[in-house]
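Contents: one structure, followed by commentary.
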Amino acid sequence: SVSHSQITRLYSRFTSLDKGENGTLSREDFQRIPELAINPLGDRIINAFFPEGEDQVNFRGFMRTLAHFRPIEDNEKSKDHNGPEPLNSRSNKLHFAFRLYDLDKDDKISRDELLQVLRMMVGVNISDEQLGSIADRTIQEADQDGDSAISFAEFVKVLEKVDVEQKMSIRFLH
């Protein structure tokens, strides 16, 4: 759970981003966040804040999406949760990451989708040929059912060894 002081800090972050002072944030408001401006997947992450077809997000929606990025505190790991999984649980972080890649939302990451994300991440200093072979190798390593795409289950397997906790904890609370 988010503490009261964290909510207060987030709210002041929200209002400082809300240039129109109308209680909602637009995509432009998010683009002013330096961490997102320099993140190659910034646009994708920003999109995650906006429900399908919406171009404004209110404080509640802002909090909900941010919750995916909260680092998991040690005291949260040990609790016995019978309730719903916290938004920042490992599997929810993985789902969130998966959706950043799965552009057409068909629950698979195709070679083409992987290429697009790789291109955003590495910029222009790698040839298409090199990117293509990185994409092919990634799919080869991940693809277990031979459909030349990466399903969520395959994605999770590849990332088993990766410390998603560290990589997916964007600290918005400075």
Side-chain angles (χ1 to χ4, degrees), residues 1-77 79 81-110 112-124 150-152 155-156 159 162-174:
S1 62
V2 188
S3 71
H4 185 71
S5 70
Q6 281 177 320
I7 290 179
T8 315
R9 290 216 304 278
L10 272 179
Y11 190 69
S12 71
R13 187 85 199 252
F14 180 87
T15 48
S16 71
L17 290 169
D18 176 15
K19 297 297 178 214
E21 296 182 6
N22 52 8
T24 62
L25 301 181
S26 66
R27 284 184 166 74
E28 289 69 49
D29 291 329
F30 278 96
Q31 283 153 356
R32 294 194 189 86
I33 301 175
E35 299 95 316
L36 289 179
I38 60 170
N39 187 321
L41 293 181
D43 280 346
R44 284 286 169 73
I45 292 170
I46 292 171
N47 278 335
F49 281 89
F50 294 89
E52 204 65 44
E54 308 268 309
D55 53 6
Q56 297 290 322
V57 60
N58 62 16
F59 183 60
R60 247 188 101 143
F62 177 72
M63 291 258 312
R64 231 192 115 68
T65 303
L66 276 186
H68 288 95
F69 294 102
R70 270 194 29 253
I72 293 183
E73 313 299 338
D74 287 337
N75 61 4
E76 290 181 88
K77 288 194 178 118
K79 271 192 222 140
H81 285 300
N82 294 325
E85 229 184 330
L87 282 168
N88 65 334
S89 68
R90 182 177 170 90
S91 86
N92 275 323
K93 283 189 168 147
L94 286 168
H95 266 287
F96 189 85
F98 184 79
R99 288 195 295 268
L100 293 178
Y101 287 85
D102 179 19
L103 301 176
D104 62 7
K105 301 187 171 68
D106 67 348
D107 293 326
K108 286 186 185 308
I109 300 170
S110 65
D112 207 47
E113 288 170 328
L114 192 56
L115 265 177
Q116 286 190 47
V117 174
L118 285 170
R119 188 167 291 122
M120 284 189 257
M121 284 165 64
V122 299
V124 289
I150 304 173
S151 68
F152 182 66
F155 183 75
V156 169
L159 289 177
V162 176
D163 188 353
V164 181
E165 288 318 310
Q166 294 312 309
K167 303 240 180 338
M168 286 270 311
S169 297
I170 298 178
R171 294 180 182 275
F172 276 87
L173 296 170
H174 295 303

Inset, instruction - Indicate yes or no: at least one non-hydrogen side-chain atom of Gln6 is less than 4.5 angstrom from one of Leu10. - result: no
Inset, instruction - Run the numbers on Arg44 and Glu113 for salt bridge (Lys or Arg N to Asp or Glu O under 4.0 Å), then give the verdict. - result: CA-CA 13 Å; Arg44 284 286 169 73; Glu113 288 170 328; over 6 Å; no
Legend entry - Heavy-atom side-chain contact between Asp104 and Asp102 under 4.5 Å: yes
Legend entry - Closest approach of Leu100 to Ile45 (non-hydrogen atoms, all atoms of both residues): CD2-N, 4.0 Å
Legend entry - Closest contact, heavy atoms only, Phe152 versus Ser91: CZ-O, 4.2 Å
Inset, instruction - Any chance you could measure Leu17, atom CG, to Ser12, atom OG, to the nearest 0.5 Å? - result: 9.5 Å
Inset, instruction - With the side chain counted from C-beta on, respond yes when Arg27 and Asp43 share a heavy-atom pair under 4.5 Å apart, and no when they do not. - result: no
Inset, instruction - Supply the atom-to-atom distance Met63 CE to Ile7 CD1, rounded to the nearest 0.5 angstrom. - result: 4.5 Å
Inset, instruction - Would you check if the side chain of Asn58 reaches a backbone N or O of Phe62 as a donor-acceptor pair within less than 3.5 Å? - result: no
Legend entry - Closest non-hydrogen atom pair, Ile46 against Gln31: CD1-CG, 3.7 Å
Legend entry - Heavy atoms of other groups near Arg64 CZ, more than 12 under 6.0 Å: no
Inset, instruction - First locate atom NE2 of His95, then atom CZ of Phe155, and finally report the distance between them rounded to the nearest 0.5 Å. - result: 10.0 Å
Legend entry - Interatomic spacing from CE in Met120 to CG in Asn39 - rounded to 0.5 Å: 10.5 Å
Inset, instruction - Could you tell me the separation between the CZ atom of Arg99 and the CG atom of Asp107, rounded to the nearest 0.5 Å? - result: 9.5 Å
Inset, instruction - Determine, step by step, whether Glu52 and Lys105 satisfy the salt bridge (Lys or Arg N to Asp or Glu O under 4.0 Å) criterion, reporting the C-alpha distance in whole Å, the side-chain angles of both residues, the deciding distance to 0.1 Å, and the verdict. - result: CA-CA 12 Å; Glu52 204 65 44; Lys105 301 187 171 68; 3.7 Å; yes
Legend entry - Heavy-atom closest pair, residues Val117 and Tyr101: CG1-CE2, 3.3 Å
Inset, instruction - Would you mind reporting whether Lys93 and Phe96 have side-chain heavy atoms less than 4.5 Å apart? - result: no
Inset, instruction - Take Arg32 and Lys19, measure what side-chain contact (heavy atoms from CB on, under 4.5 Å) needs, and give me the verdict at the end. - result: CA-CA 10 Å; Arg32 294 194 189 86; Lys19 297 297 178 214; 3.1 Å; yes
Inset, instruction - To the nearest 0.5 Å, tell me how far Ile150 CD1 sits from Leu114 CG. - result: 5.5 Å
Inset, instruction - Over all heavy atoms of both residues, which pair between Val57 and Phe30 is shortest? Give the atoms and the distance, please. - result: CG1-CE1, 3.6 Å
Legend entry - Chi angles and distances behind the side-chain contact (heavy atoms from CB on, under 4.5 Å) call for Phe59, Leu25: CA-CA 8 Å; Phe59 183 60; Leu25 301 181; over 6 Å; no
Inset, instruction - Determine yes or no for a side-chain-to-main-chain donor-acceptor pair under 3.5 angstrom, with Asn92 supplying the side chain and Ser89 the backbone. - result: no
Legend entry - Non-hydrogen atoms of Phe14 and Thr24 that approach each other most closely: CZ-CA, 4.0 Å
